[in-house]
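Presented below is the structure to which this report refers.
All chains are named by letter (A, B, ...) in the order of the sequence lines, taking the proteins before the strands, and each is independently numbered beginning at 1. The figures that follow rest on heavy atoms only: side chains count, while hydrogens, waters and symmetry mates do not.
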Amino acid sequence: MKLFEYEAKEILSKYGIPTPTGGLITSPKQARETAERIKSPVVVKAQVLVAGRGKAGGILFASSPAEAELSSSKLLSSKIKGIKVQSVLVEEQLSISKELYFSITVDRSNRSYVAIASSEGGVEIEEIAAATPEKIIKVLVDPLYGFRSYHARQIAKKLGYVGSQMRELAAIFLKLYRVAMDCDAELCEMNPIVETSEGKFVAADARLIIDDNALYRQSNFHGRLTKIDGDKLTSQELEAQKSGLAYVKLDGNIGVIGNGAGLVMATLDAIKLYGGNPANFLDVGGGASSDKMAAALNLVLSDHRVDVVFINILGGITRCDEVAKGILEAKNRIGFVKPLVIRLVGTNEREGRRILTEAGIPILDSMEEAAEKAVGIAKVGG
Amino acid sequence: MKLFEYEAKEILSKYGIPTPTGGLITSPKQARETAERIKSPVVVKAQVLVAGRGKAGGILFASSPAEAELSSSKLLSSKIKGIKVQSVLVEEQLSISKELYFSITVDRSNRSYVAIASSEGGVEIEEIAAATPEKIIKVLVDPLYGFRSYHARQIAKKLGYVGSQMRELAAIFLKLYRVAMDCDAELCEMNPIVETSEGKFVAADARLIIDDNALYRQSNFHGRLTKIDGDKLTSQELEAQKSGLAYVKLDGNIGVIGNGAGLVMATLDAIKLYGGNPANFLDVGGGASSDKMAAALNLVLSDHRVDVVFINILGGITRCDEVAKGILEAKNRIGFVKPLVIRLVGTNEREGRRILTEAGIPILDSMEEAAEKAVGIAKVGG
Amino acid sequence: MGIFVNASTKAIVQGITGTQGSFHTRLMLDYGTQIVAGVTPGKGGKKVHNVPVYDAVEEALQKHEADTSIIFVPAPFAADAAFEALESGLKTIVIITEHVPVKDAVQVMARAKHQGAVVIGPNTPGIITLGGCKLGIMPVHIFKRGSVGIASRSGTLTYEIATGLSTMGLGQSTCLGLGGDPVVGLSFVEVLKEFEKDEQTKAVVLIGEIGGDAEERAASFISNKGYAKPVVAFVAGRTAPKGKRMGHAGAIIMGKAGTAQSKIDAFREANVSVAEKPSDVAKILAEKLKRRKNIFGGAESER
Amino acid sequence: MGIFVNASTKAIVQGITGTQGSFHTRLMLDYGTQIVAGVTPGKGGKKVHNVPVYDAVEEALQKHEADTSIIFVPAPFAADAAFEALESGLKTIVIITEHVPVKDAVQVMARAKHQGAVVIGPNTPGIITLGGCKLGIMPVHIFKRGSVGIASRSGTLTYEIATGLSTMGLGQSTCLGLGGDPVVGLSFVEVLKEFEKDEQTKAVVLIGEIGGDAEERAASFISNKGYAKPVVAFVAGRTAPKGKRMGHAGAIIMGKAGTAQSKIDAFREANVSVAEKPSDVAKILAEKLKRRKNIFGGAESER
């Protein structure tokens, strides 16, 4: 679960990490008041959960309270990468001497957390990695011993700091590690963490992504997933969340349903290979009941862009008869206005085939054959 | 630092460990009100930091609010093992089916924490160890992996519980471990933890001793040491705390000052060996300044029971000249009304001797000789 | 023989009394797997499909000899279950459980490494050594005993490809799922090493997907050290968008890292054949084995 | 040669720029100890008594060879300093720092055990191998080179007893303080084992005090395994009351455990002579060695 910048900064601040003076606002008037309170030029930042917000015009600068009111009014009535801005963070402009990067994240291949830093902050870490890989510092965290003060100092030193600046910066890194661990973070990032012209360090921007699997024990965030992401989720995505379906919206016109993440991805790939364009990724998971199957079908059919639905089921734990029943259920409820291509093999295949065949719905054996057929229909239909 | 029962229970309760319904009171009227609120027979417990409170009459039972008022009135005007009762905990009487013991403490020889449990709760663990050692269950905690649910269940099972009772009790044990770790506890004890007649578990009594060395990072307790122990500390003990001296009051008449815990203990032993009785243990620590030395001497001389003061200094980091200066300082400030026996050897011995000899204060070489002399003076004086 | 598990593997099932645990215990027993005991705290004394249930792993091991555990307990308790198995000295732990927090997985893997134990999963369909031992939830009818080793990051896709192999007469030695989470116990490299040592295994199929760099590392391992057996790879997710989790917690392209193309390129550079479609895997492998047979003039040892 | 440290020991000082660190670095150098570098975060580039200072142990070890560290940093940072030394591969760590929280000490000892490293302290005066290496804060004039090994839980009391030994001509091989805290790195048993192996050491003095059961364990070790060299013990705190910390965090009688009498009884049962007064230690030991010399007819190798 991604947190908004202002939420991440609240947490950092609670742990004693310096963040810019400022406030969250939802109206231009509040922006003016906040800027008046700050008594310095401000930066006005749209609170949206997308990368590259700055380039997309989501960050504006204002040298007076009046300008802050104007800028925030502009942002509050705009969309950033298609997402409506609902709140804005108004903060003091820092006098920046240097922008650094620091994050705690998961190192998959080393099966541990890793601290990543760079003296080239302010841009995406991948860009730093591409442009100046030698400027990326990585320190693996031993899960049994943790990230300790000397690790933090080692990084601060490699970033070019000595003496009390090294120690101050290291203390901030240690605090961020505590945030990451306490919040079960997948990524906890300060980018940039700024060295001000007075030589102090301030987390000018912050990102915090909580491990979804750990939300159950993060009482502060538990149950807020839908609410927080609400503004950016399509109705299908919301529906999928409620039904426990793994759904990702894509930009084509062939609706896809399958069981198993890898199989569904391979199904999308196959559609593409035959010249088609999938409208979504939808994994019903293992052992889906007829109800879940019906919900999935409903969901895909509710997407008006979809011209044809390709259902690809390879039954292992999932039983073909349950799938077949789910398809019929959905048919009875909403009727099918769009063509269906169904590939159904595996556990209880015979019974599943019988159910669908009796209902006049044909079934295919091969995934590739089915993909080709779906693409053909979509082209005709499209 | 020892916490009061009510403080320990507040913490346990915050971690979700069931504790009896009740409230802390400082007046008999409050006791009546609390008992009325509880609506059941209550137990009235003096909040004093001594072991064996129950046997010393610090725990009374009351079957009505009126009786609760009376009992607490009795306790609030009494002393338990010499300590004035300043507050009382009024709690529901539990219907006890079984009393268990559980604690997390430090296992010195294994250099780890250890969970200790027994089915014979309600008495001191040493008594259980002496009477029924086979009924003590110990599980060492690996510092790198922690105390985990299966350790807790293993203990609950060995205590004789199965099924959901085993799981419930284990969950309480796990919570107590979290309390112990989060609070830097030296000892975190539930004795007894009671199985009620309904088969539920409740921490009927709790003890929590915080590691003094970790108080600096226990923001809840930091700085409260003096206040909390205030009522039981003698004026000398309070003075020693303020001056950073390690002081323990004993029951004899020979005041003792030395540098180094082991040396001072050996000095006390030597005094006893020669038939004397030390009035206190006082370690000025390593490298004591003349100021600290003077404070130590002041402190011991302020004890009216003291007939003679034996100063035993073996200078290593501690410099004999500083010690000598401190003795003179104290002399100039208060004058000596009591005889002094001084043994002073080691670093800067010559200068130290010179200072004291010039002031007419004699010095001895041997600790045993000095001890014998101090005992002699005390006998003559006493 | 296959790798990690075989006919002499003796396993316990942690979480045996749950719906999943109980259901799959039956299926594993049906396959001939030696399930010697089950563990569910608080349910000790019961029996599940005639397998005795204990409150703790330690108790089970006092009564039964075992070397392996398969874990079906809910995610919040999975790490502790793995710790319990490791503390009791079990050497192979299969964690079927989905949704285990990363912080927990990291600790389990650290402890396993310290003790030299192997963890398969979490979020894996498990492992099957054909004709010997199934510790997992995979359907068995799609497999066939033979000499192709399969390591995969995806469940159903594995079944898809295994079905293709079986249909073409290319049976399997061991088939295992690494797990769909970001942090799992085994990498392709470690499995490749095991398959290389395994006499039964004559060829290897790797089934990858977007996210992480397990495929790139496997490619680099093959290209650096050389690999004695033919390898065919398939990578799912060529059409996956950036920054979206595709069903698996681990299937996500972060920034520019972890794309299918990067993985496919790496395999090709290492001279590993990459199949375009799942059904191509069997075709490519059959071709490779035929060529090899022609070169060495030998017959395949198993069919 | 002595135990744990000797003339070839190369040490770094962590916390070298502090008052204590700097002061004792000079005294250790004066004794001839090879202090090759110092570490104080943020003070890299300085020199203390001509010893170069670095920001980190790792940096120091890039420039200098060392195997040992002595730690003078304040208690809240002492555990991290020890972790840093251990992570850099140092094999002996002397922690002079007082007031280290038990929870920290427990973790340091666990890591040291994992890595096979030795920790002396915390809250110790350190260790001195006469004529070779001093890593600690003890005054040196009271010691004399010889063949008595001393292990102690108390600083000044050790000086008292060492003075007595030196005066009687009973010089020392190695003298070390276990540390006054409840959790310390070494026990009497481990030190006894080292002294037994050490050719230079002909006799051992153990200086105990109330609290814990290190003395009882030492007695039981001696009585079970036998011990090749004469041992004399002194135990401080016969008159200490229950439940009160006598200066050292570790010197406390909990309930009925950890009394001086229990320790004295244990030693006597193991046939270890226990001195009544500090000055008796030298007398008893001289007697023992004289008897031994009479029996074996040999002369003491060092005097």
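Looking only at heavy-atom pairs under 4.5 Å with chain B, the residue among C:Lys43, C:His114, C:Glu59 that has the most is C:Glu59. For the set B:Lys157, B:Gln154, B:Gln165, the entry with the most heavy-atom pairs within less than 4.5 Å of chain C is B:Lys157.
The minimum heavy-atom distance between C:Pro41 and B:Arg167, with the atom names listed, is O-NH1, 3.2 Å.
Taking the six-membered ring wherever Trp is involved, the centroid distance between the rings of B:Tyr145 and C:Phe83 falls below 6.0 Å.
Between the CE atom in B:Met166 and the CG atom in C:Asp55 there is a gap of 4.0 Å [rounded to 0.5 Å]. Note that CZ of C:Arg111 is 6.5 Å distant from CG of B:Asp142, once rounded to the nearest 0.5 Å. Distance check: B:His151 NE2 to C:Glu84 CD gives 8.5 Å after rounding to the nearest 0.5 Å.
Around atom NZ of C:Lys91, more than 12 heavy atoms belonging to other residues, nucleotides or ligands sit under 6.0 Å away. With a 6.0 Å radius and a threshold of 12 heavy atoms from other residues, nucleotides or ligands, B:Glu198 has its CD atom above the threshold.
With a threshold of 4.5 angstrom between heavy atoms, B:Arg148 approaches chain C through its backbone and through its side chain.
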side-chain contact (heavy atoms from CB on, under 4.5 Å) between C:Glu87 and B:Tyr150, worked out
CA-CA 10 Å; C:Glu87 192 159 314; B:Tyr150 52 95; 2.7 Å; yes

